[in-house]
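A note on names: the letters A, B, ... follow the listed sequences, proteins ahead of strands, and every chain is numbered from 1.
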There are 2 protein chains.
Amino acid sequence: MSLEYLKKKRILLVDDEPELLKMVRSILEEEGYRQIETAQCVKEAAEKAESFSPELAVLDVMLPDGDGFELMEKLRKMGDYPVLFLTARGEDEDKFTGFGLGADDYIVKPFLPQELLFRIAAILRRTYKEEEPQVRLKCCTIDFSRAEVERGGERIPLTAKEYELLNALYRNAGRIVTIDALCEAAWGDNPYGYENSLMAHIRRIREKIEENPSRPVSLVTVKGLGYKLNVEGK
Amino acid sequence: MSLEYLKKKRILLVDDEPELLKMVRSILEEEGYRQIETAQCVKEAAEKAESFSPELAVLDVMLPDGDGFELMEKLRKMGDYPVLFLTARGEDEDKFTGFGLGADDYIVKPFLPQELLFRIAAILRRTYKEEEPQVRLKCCTIDFSRAEVERGGERIPLTAKEYELLNALYRNAGRIVTIDALCEAAWGDNPYGYENSLMAHIRRIREKIEENPSRPVSLVTVKGLGYKLNVEGK
DNA sequence: CTCAAATGTAAGGTAATTGTAAGGCTGGGA
DNA sequence: TCCCAGCCTTACAATTACCTTACATTTGAG
């Protein structure tokens, strides 16, 4: 059972004490985690999260410009990754607030390094069941980690927008994704007026992933409802 | 965010003290969990797991005929569901053994009921993403997230209007929905003058979901009142 | 700055979906 | 028995949502 891929996950640490931050970081790095970002307040954390797209967040409850709970709500709006809280001993109320809001684990300071590592590993293992770099489609495979499509030995690169759209479709593989949802995924805040542009992108994606782009089988349109990505295998 | 579906998950409790078993069971039942099995030793647990197919296991470390770690290895061979350990205070070595073997969480006795509930909910939430509701009818199933009807292995797509109408009927499954209400659902603002069109759509839907569209059993008409969708309840 | 690649826009085309209409049932009442 | 209302059924016409393509604009690397 190879768990190596878990070491590549992006982890965001947020704590106001630089000492603790440094300690936790070194614990994780020693264990082999390679992608770690840190922040010392809510504002900084939100900015880092935006560009870093963490796959796990470890948050202190007490922060100079707010609290960890408020921060978690912010983070949850951006992506659905697990959140683990650190807090001072004994504040049971905090613990319950955190769990109630949907935290994934809660560790009381002071803690044993080993326990932190185990809990992080347990959450990552559950959340990211197995590495799935290759998504198989009818007549090609998509490699999201390289943003490439492989078809008949040939490697075709995806552009940024194509990647975002395909990813949004893949996250809902098999289900219908509305035009609005796709615009939202690709253009964010102001996703209006791009319907036509979306269509052009869909066409370009189809030229990369379909045998016959005019008779799509993997990225099909459901008239009046949206688009749907069909992936192979259970 | 509906978390109701988590309450239906099958949970296996294993502990040698009948008292504790009873207590944990009542904590869970009070919270709304409905499918709970218990066992008092490794042997019994293995048997129950076989027939019960748990979706989460809560294990004590100390058992009369073995230990929880050994049991976890047995369970893992049968299925990949999360395991949470309960143990007596202070046995840090146990804790690390458990996590090292792939446990998902670890709670030290004595614990607060609330904490157990939160940790169980957190694990279930991460492990089991919300499932899509499949609506079962007399001779087919409807999958709204894919806008498809599955009948005898065949997948028949629904069009936008068909989707809207079926959805409106499903939201009032078993009850009569008036013609006006259906027009309202499908045509919004100005739902007048579409009665005939509605009929044509009803026909098309029946051809997709009924054995004999002319003798409907799932989407029946109630003369003078409207239509009604009969779903197979359980 | 320059150039190529990526992205957005526009316009004519097309086919599936939807609307329409006309004739056909069926069951209840007179 | 006949008639009528309310719904069914079908074929076909109209619409609209999407396709396709060429081209304009933006972006970003060097």
Side-chain angles (χ1 to χ4, degrees), chain A residues 147-149 155-169 176-183 185-229, chain B residues 147-149 156-169 176-180 182-228:
Chain A
E148 279 179 347
V149 170
R155 303 183 91 76
I156 308 161
L158 292 169
T159 69
K161 282 277 181 296
E162 285 163 7
Y163 177 92
E164 293 299 342
L165 291 170
L166 253 181
N167 205 207
L169 284 160
I176 291 173
V177 185
T178 64
I179 306 254
D180 287 357
L182 287 171
C183 287
W187 290 278
D189 320 330
N190 197 279
Y192 309 106
Y194 287 98
E195 292 78 5
N196 197 334
S197 183
L198 171 66
M199 256 181 240
H201 283 295
I202 293 283
R203 170 64 182 185
R204 287 172 196 134
I205 292 173
R206 280 175 174 159
E207 290 184 339
K208 294 182 180 180
I209 69 172
E210 297 278 0
E211 181 102 26
N212 178 353
S214 299
R215 296 250 165 266
V217 294
S218 293
L219 203 179
V220 299
T221 119
V222 187
K223 247 188 169 192
L225 294 174
Y227 295 91
K228 191 169 61 167
L229 185 71
Chain B
E148 279 179 346
V149 170
I156 308 160
L158 292 169
T159 70
K161 280 278 182 299
E162 285 163 7
Y163 176 94
E164 296 297 347
L165 291 170
L166 253 181
N167 206 195
L169 284 159
I176 293 171
V177 185
T178 65
I179 307 259
D180 287 357
L182 287 171
C183 287
E184 174 81 33
W187 289 277
D189 322 329
N190 197 281
Y192 309 106
Y194 289 99
E195 292 78 6
N196 195 338
S197 184
L198 171 65
M199 254 181 244
H201 282 296
I202 294 285
R203 170 64 183 185
R204 289 177 194 129
I205 292 173
R206 281 174 173 160
E207 289 184 339
K208 294 183 180 179
I209 68 171
E210 297 278 1
E211 182 102 27
N212 178 353
S214 299
R215 297 255 169 268
V217 294
S218 293
L219 203 179
V220 298
T221 118
V222 186
K223 250 189 163 186
L225 294 174
Y227 297 91
K228 189 171 67 165

List the steps, then state whether side-chain contact (heavy atoms from CB on, under 4.5 Å) holds for A/Tyr227 with A/Thr221. CA-CA 4 Å; A/Tyr227 295 91; A/Thr221 119; 3.6 Å; yes
Does A/Lys228 form a salt bridge (Lys or Arg N to Asp or Glu O under 4.0 Å) with B/Glu148? I'd like the steps, not just the answer. CA-CA 12 Å; A/Lys228 191 169 61 167; B/Glu148 279 179 346; 3.0 Å; yes
Start with the C-alpha gap between A/Val220 and A/Leu229, add the side-chain angles, then the distance that decides, and say whether side-chain contact (heavy atoms from CB on, under 4.5 Å) holds. CA-CA 6 Å; A/Val220 299; A/Leu229 185 71; over 6 Å; no
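From one end of the helix from C/dC1-D/dG30 to C/dA30-D/dT1 to the other, with five pairs defining each end axis, the axis direction shifts by 30° (rounded to 10°).
As a whole-Å value, the separation of B/His201 NE2 from D/dT9 P is 16 Å.
When the shell of 6.0 Å around CZ of B/Arg215 is examined, it contains 12 or fewer heavy atoms from other residues, nucleotides or ligands. Counting heavy atoms of neighbouring residues, nucleotides and ligands inside a 6.0 Å radius, atom CD of B/Glu211 does not exceed 12 of them.
Residue A/Leu182 holds its CG atom at 5.0 Å from CG of A/Leu169, rounded to the nearest 0.5 Å. With rounding to the nearest 0.5 Å, the separation of CD1 in B/Ile156 from CD in B/Glu162 is 10.0 Å.
Without hydrogens or angle criteria, A/Arg206 side chain to A/Leu219 main chain gives a donor-acceptor distance under 3.5 Å. Using a distance-only test at 3.5 Å, with no hydrogens or angles considered, a donor-acceptor pair links the side chain of B/Glu210 to the main chain of B/Ser218.
Nucleic acid contact class of B/Ser197 (heavy atoms, under 4.0 Å, all strands): base.
A 4.0 Å heavy-atom criterion places the boundary nucleotides of DNA chain C facing chain B at C/dT17 to C/dA21, written 5' to 3'.
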Reading nucleotides 12-30 of chain D 5' to 3', which nucleotides get B (base under 4.0 Å from a protein heavy atom), which S (sugar-phosphate only), which -? -----BSBSB---------
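Between B/Trp187 and B/His201, the ring planes are tilted. Angles from 30° to 60° get that label.
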